[in-house]
Amino acid sequence: MRRVLALLGISLLTLSACATPGAAPVRTPPTGPDQRPAFTERAEEVAAGWRPGPGWRDGYVPLQDATVLTGDPGFTDETKVAFGAGWYRDQIPIPAAVPKDGTIRFPDGTLRVPLVSAADAYAQLRQGDPPPCDGRPAAPDPAPTGRPGPNDPVSTSAPTPCVPLTVTEVRLGSAPVWTSRGRADAPAWLFTVDELAVPVARIAVAPRVTGRAPGGAVPTRPLPAGLVSAQQLRAVDGNRIDYVLGVGACDGPPTPLVLERPDVVVIGGAVIASTGVCTAQLVLKLVSVTLDAPLGGRAVLDAASGAPLIVQPG
């Protein structure tokens, strides 16, 4: 069933009252044309051009990064930077032996797949070393008083994040991952990290059997004025999709828009564009839509590019 949902509308409120002397003038919120017909036409074109690649229905095609957090990590500012940058240091030997084949469990069945070793997974997890610590120790060394000593460096600016995450244990387990066949439970190497409250998981499925999402059919026409693209998914939970729209710095509040089809879901948004002078920058706005039915194994496509979107938790 085709249906476009506009879940976050722009209220049009006409105010007429006697102004109080000295009070600020009442301003009517800006209005603009209804962009839903233009979105529907665009989304229909994107949906019609969708052609799933090999393995989309019967293989393993992940729609999120292979590094997965298994819960709330309790990030600090520094550990969040370290996680995003892939700064790790190991305090244990990382096994190089390749384990036996594992099983991915999808909502519609299972799939036996070859796995990679913990050493190979760690090599993909670790992306480099942090920058020098600008006179600070690589790990905190709290003094009993909490104050610097006479020989400690003194800085007048915020310190640059420079602390890696410390791996103290690794074991083979599993982790949830969003795929072309819905949310799956896949074999994963679970790395215990001293600085985080939960392990960091790296999906252990061998690259040779890991499919890639097709690029999608790029529409030939530019995106109609007033419509904006979906940048990435933040979360998928049943029939709810949280995603990020890219809008102009001076645009009005975005309206999320969605078109549902039996095989795909197309998302985007609409804004009232600024007509004055404004900085040329892209601002990311988090929005949500609720589908008529759980997403399941349907692809989520961006109305601007036609490409499938992947889950990237913020």
Side-chain angles (χ1 to χ4, degrees), residues 4-15 23-43 45-46 63-65 75-86 131 157-161 215-216 218-237 240-259 265-291 300-314:
V4 175
L5 305 178
L7 302 183
L8 180 60
I10 301 174
S11 298
L12 304 179
L13 180 62
T14 304
L15 300 177
V26 175
R27 298 184 183 275
T28 301
T31 62
D34 185 357
Q35 294 297 332
R36 286 172 293 182
F39 173 81
T40 300
E41 182 180 355
R42 176 69 170 214
E45 180 183 351
V46 167
L63 298 180
Q64 69 177 84
D65 189 77
F75 279 138
T76 64
D77 290 343
E78 285 203 334
T79 57
K80 187 173 184 178
V81 170
F83 175 80
S157 61
T160 301
V218 179
T220 57
R221 298 176 294 108
L223 194 66
L227 296 182
V228 292
S229 65
Q231 303 293 307
Q232 57 192 225
L233 303 182
R234 279 287 185 254
V236 176
D237 185 9
R240 177 189 170 100
I241 301 176
D242 299 336
Y243 63 101
V244 174
L245 291 172
V247 306
C250 301
D251 290 343
T255 299
L257 298 169
V258 58
L259 173 74
V265 170
V266 184
I267 58 174
V271 296
I272 298 176
S274 170
T275 57
V277 177
C278 187
T279 58
Q281 66 186 90
L282 187 71
V283 178
L284 301 181
K285 296 289 188 178
L286 181 64
V287 296
S288 300
V289 292
T290 302
L291 308 177
V300 181
L301 309 180
D302 169 35
S305 65
L309 298 168
I310 64 173
V311 178
Q312 301 180 37

Counting N and O atoms only, with roles assigned by atom type, does the side chain of [X] sit under 3.5 Å from a partner on the main chain of [Y], one being a donor and the other an acceptor?
{"X": "Arg221", "Y": "Arg42", "answer": "no"}
{"X": "Ser305", "Y": "Ala307", "answer": "yes"}
{"X": "Asp302", "Y": "Ala230", "answer": "yes"}

- [ ] Verify side chain to side chain contact (heavy atoms under 4.5 Å, CB included) between Leu286 and Arg234, making sure each step is shown before the conclusion.
- [x] CA-CA 8 Å; Leu286 181 64; Arg234 279 287 185 254; 3.6 Å; yes
Open item on the list: Just to verify, what does Val81 make a side chain to side chain contact (heavy atoms under 4.5 Å, CB included) with, not counting sequence neighbours?
Closed with: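 Val81 satisfies side chain to side chain contact (heavy atoms under 4.5 Å, CB included) with Trp87, Pro161 only.
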Task: Non-neighbouring partners of Thr79 that pass side chain to side chain contact (heavy atoms under 4.5 Å, CB included), sequence neighbours left out - done: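 Thr79: side chain to side chain contact (heavy atoms under 4.5 Å, CB included) contacts with Phe75, Thr76, Leu165, Glu195, Leu196.
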- [ ] Decide yes or no for Gln312 and Asp65: does some side-chain heavy atom of the first lie under 4.5 Å from some side-chain heavy atom of the second?
- [x]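 Not in contact.
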Task: Test item: Leu233 and Ile241 side chains (from C-beta on) under 4.5 Å apart, heavy atoms - done: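 Answer yes - side chains close enough.
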Identify the two heavy atoms, one from [X] and one from [Y], that lie closest to each other, and give their separation to 0.1 Å.
{"X": "Asp242", "Y": "Ser288", "result": "OD1-OG, 2.6 Å"}
{"X": "Asp251", "Y": "Val271", "result": "OD2-CG2, 3.7 Å"}
{"X": "Val287", "Y": "Pro254", "result": "CG1-CG, 4.2 Å"}
{"X": "Tyr243", "Y": "Pro256", "result": "OH-CB, 3.2 Å"}
{"X": "Gly268", "Y": "Phe39", "result": "N-CE1, 3.7 Å"}
{"X": "Ala270", "Y": "Gln35", "result": "CB-CB, 3.7 Å"}

- [ ] Could you list the residues that satisfy side-chain hydrogen bond (donor to acceptor under 3.5 Å, both in side chains) with Gln64, not counting sequence neighbours?
- [x]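 With sequence neighbours excluded, Gln64 shows a side-chain hydrogen bond (donor to acceptor under 3.5 Å, both in side chains) to no residue whatsoever.
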- [ ] Let me know which of Leu284, Leu282, Val228 forms a side chain to side chain contact (heavy atoms under 4.5 Å, CB included) with Val247.
- [x]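 That would be Val228.
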Find the distance between [atom1] ([X]) and [atom2] ([Y]) and round it off to the nearest 0.5 Å.
{"X": "Ile267", "Y": "Leu257", "atom1": "CD1", "atom2": "CG", "value": "10.5 Å"}
{"X": "Glu45", "Y": "Leu259", "atom1": "CD", "atom2": "CG", "value": "12.5 Å"}
{"X": "Leu227", "Y": "Leu245", "atom1": "CG", "atom2": "CG", "value": "10.5 Å"}

Task: side chain to side chain contact (heavy atoms under 4.5 Å, CB included) assessment of Val300 paired with Val236 - done: CA-CA 10 Å; Val300 181; Val236 176; 5.5 Å; no
